[in-house]
Amino acid sequence: MADIRPFKAYRPAPEKVEKIAALPYDVYNRQEAREVVSKNPDSFLAIDRPETFFEPDHDMYAREVYERAAKELRTKMENGDFIQDKENSYYIYELTFKGRSQTGIVALSSIDDYLNGVIKKHENTREEKEKDRIDHVYTCKAQTGPIFLCYRENKTISEIVSRVKNVDEPIYDFVSEGDVRNRVWLMEDEDENNMISRVFTTINDIYIADGHHRCASAVKVGLKMRQEGQGSLKGKQQSDYFLSVLFPDSELMIMDYNRVVKDLNGLTNEQFLTKISEKFDVKEEAHQVKPEKKAEFGMYLDKKWYRLSAHKDILKDDAVEGLDVSILQNEVLSPILGIGDPRTDKRIDFVGGIRGLSELEKRADSDMCLAFSMYPTSISELFEVADAKRLMPPKSTWFEPKLLSGLFIHDICGKI
């Protein structure tokens, strides 16, 4: 059963929310982060990426960098940029992007649920990426970027969320970068808060949709504080929980995560097309190709688009091997193009579907030579992989819009 709890969030004062709330820290490279903070010093990105307070060549992982983040966060608390709600509550968070809305519940999730497999992952994490957020969370004593979780829709929870959205006034309603409308409601009814907590105890499977590194880091900070005597299994502490937004599967859509490749591994265009034709039906198209079904791919080469349809004999009835990203990797990228490990090979790059097919053309016509447009991985495929305790290939899913940082803050020890 899932241990999901309401909490007393620190959140931006309503008049400051548009200036403070920011896209996640890992959306930007170092130079882009500096530019954002330069234009808007109130942006929470300054706290999420505190190296922006230092010279461009300063070690962004130095201790004083994280200490500066903690100092800036305390200053914002003291000067009234943030307020804290008086009672433990759930929050409802709706994001609307390009005419489509998704609504989740902002809550605290248990690090023990992550450890015992109630909260399931579908990606591996890298230690060096974890360490940055471990140092950030531990030094700030706060979690500032929520983990994107999902679960199979529950009727009772959906009815409560619908009632609050239809009857109560939102505490926030603003448009953020990328033309995303953000609305937040505070759930003040004690009975409804208690009901949501009870219903989650009947749910045995929660899935990480996005934020595997943030989640792993939050868990390790919680365990560290537990070892230091700041939390225990017998008496749960704030550090035993991490900040999350939980969405029902019916609300979510995974976008395509496309591939661009540097070269043809020594092959001519004709040789490459011949090899591809051994495993796919290849049809040249007069327009951009956005795959319409599983096992179909778009391919852009030498200013021409092709539609690839996988032959039945290369399809697999397996949670991981049956994914389109696996078909492309196992049948094209590795054996034909020589890209064995897409996580480390510099000859491949990944382009989120939000950028569109024209971005693939741009990349293939400039710094790359070949592009593949993908059919999106489905939520049910994500669930199937996680339930099987398997891992997806790198860059299998792209979620949009992104959850904002600084909109909710979880004080992990009451000492911000």
Side-chain angles (χ1 to χ4, degrees), residues 9-84 125-147 172 174-178 180 182 210-211 213-218 220-222 224-225 238-239 242-243 401-416:
Y10 280 95
R11 54 185 180 86
E15 67 276 10
K16 299 281 288 186
V17 66
E18 287 188 60
K19 285 280 192 179
I20 291 175
L23 287 173
Y25 74 97
D26 51 359
V27 167
Y28 305 98
N29 63 35
R30 188 167 187 173
Q31 180 56 36
E32 290 169 340
R34 292 183 68 85
E35 291 171 0
V36 169
V37 173
S38 176
K39 293 176 183 176
N40 176 21
D42 286 328
S43 171
F44 202 82
L45 189 63
I47 293 171
D48 264 352
R49 296 289 294 270
E51 76 273 12
T52 55
F53 289 105
F54 296 80
E55 292 301 316
D57 59 349
H58 195 94
D59 180 4
M60 62 187 293
Y61 305 118
R63 181 177 179 181
E64 63 269 16
V65 173
Y66 299 107
E67 290 175 344
R68 181 62 181 268
K71 177 183 176 182
E72 294 295 326
L73 181 58
R74 286 193 297 271
T75 298
K76 283 188 175 293
M77 299 295 183
E78 292 166 358
N79 67 18
D81 285 353
F82 284 85
I83 58 176
Q84 186 181 31
T125 56
R126 289 161 49 191
E127 187 174 351
E128 65 272 19
K129 290 186 68 175
E130 288 181 22
K131 188 177 186 305
D132 168 49
R133 287 303 100 178
I134 290 172
D135 291 342
H136 189 279
V137 172
Y138 185 79
T139 305
C140 290
K141 296 296 185 286
Q143 289 162 359
T144 59
I147 314 305
Y172 299 133
F174 67 98
V175 176
S176 60
E177 183 179 341
V180 178
N182 299 265
D210 200 11
H213 284 91
R214 286 193 294 273
C215 189
S217 300
K220 289 183 177 179
V221 170
K224 180 178 181 179
M225 295 183 71
Q238 292 177 103
S239 56
F242 60 85
L243 180 64
K402 303 297 184 185
L403 306 182
L404 297 180
S405 291
L407 194 53
F408 310 96
I409 295 176
H410 169 41
D411 179 358
I412 62 175
C413 67
K415 295 181 180 179
I416 292 182

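Side-chain contact between Y10 and D411: present, with at least one pair of heavy atoms (C-beta onward) separated by less than 4.5 Å. With contacts defined as side-chain heavy-atom distances shorter than 4.5 Å, the pair L404/L23 qualifies. Under the 4.5 Å side-chain criterion, counting only non-hydrogen atoms from C-beta, L73 is not in contact with K141. Side chains of D26 and R214 form a contact here, defined as non-hydrogen atoms less than 4.5 Å apart. For the pair R11 and I409, the minimum side-chain heavy-atom distance is 4.5 Å or more. Side-chain contact check for R133 versus Y25: some heavy-atom pair is nearer than 4.5 Å. A 4.5 Å side-chain heavy-atom check between I412 and M225 finds at least one atom pair inside the cut-off. Looking at heavy atoms from C-beta onward, R49 lies out of side-chain contact with R34 at the 4.5 angstrom threshold.
Put simply, NE2 on H58 and CD on E51 are 10.0 Å apart, with the number rounded to the nearest 0.5 Å. The CZ atom of F408 sits 8.0 Å away from the CG atom of L243 when rounded to the nearest 0.5 Å. Atom CG of D42 and atom NZ of K76 lie 4.5 Å apart (nearest 0.5 Å). Of the inter-residue distances, the one linking K129 atom NZ with S217 atom OG reads 10.0 Å to the nearest 0.5 angstrom. Residue H213 holds its NE2 atom at 10.5 Å from CG of D132, rounded to the nearest 0.5 Å. In this structure, the separation between CD1 on I20 and OG on S405 is 12.5 Å, given to the nearest 0.5 Å.
Taking every heavy atom of both residues into account, D135 and T139 meet most closely at O-OG1, 2.7 Å. Counting all heavy atoms, side chain and backbone alike, A46 lies closest to F53 at O-CE1, 3.3 Å. Shown here for A22 and F44, the closest heavy-atom pair between the two residues is CB-N, 4.1 Å. Scanning all heavy atoms of the two residues, the minimum distance from A218 to F242 falls at CB-CB, 3.7 Å. Across all their heavy atoms, A69 and H136 have their closest contact at CB-NE2, 3.9 Å. In this structure, F174 and V17 approach most closely via the heavy-atom pair CE2-CG2, 3.6 Å.
Heavy-atom neighbours of E128 CD from other residues, nucleotides or ligands within 6.0 Å: above the threshold of 12.
Figure legend: cation-pi geometry between K131 and Y61 absent, as NZ or CZ is not positioned both under 6.0 Å from the six-membered ring centre and within 45° of its axis.
Between E67 and R63 there is a salt bridge, with a side-chain nitrogen of the basic residue lying less than 4.0 Å from a carboxylate oxygen of the acidic one. Ionic pairing of K19 and D81 is not present here: no N-O contact between side-chain nitrogen and carboxylate oxygen is shorter than 4.0 angstrom.
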Margin query: I'd like to know whether D48 forms a side chain to side chain contact (heavy atoms under 4.5 Å, CB included) with T144, so could you lay out the CA-CA distance, the side-chain angles of the two residues, the decisive distance to 0.1 Å, and finally the verdict.
Written below: CA-CA 8 Å; D48 264 352; T144 59; 2.9 Å; yes
Note to self: Between R68 and E72, is the salt bridge (Lys or Arg N to Asp or Glu O under 4.0 Å) condition met? List the steps.
What the structure shows: CA-CA 6 Å; R68 181 62 181 268; E72 294 295 326; 2.8 Å; yes
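In terms of modelled atom types and a separation under 3.5 Å, the side chain of Y172 and the main chain of P12 share a donor-acceptor contact.
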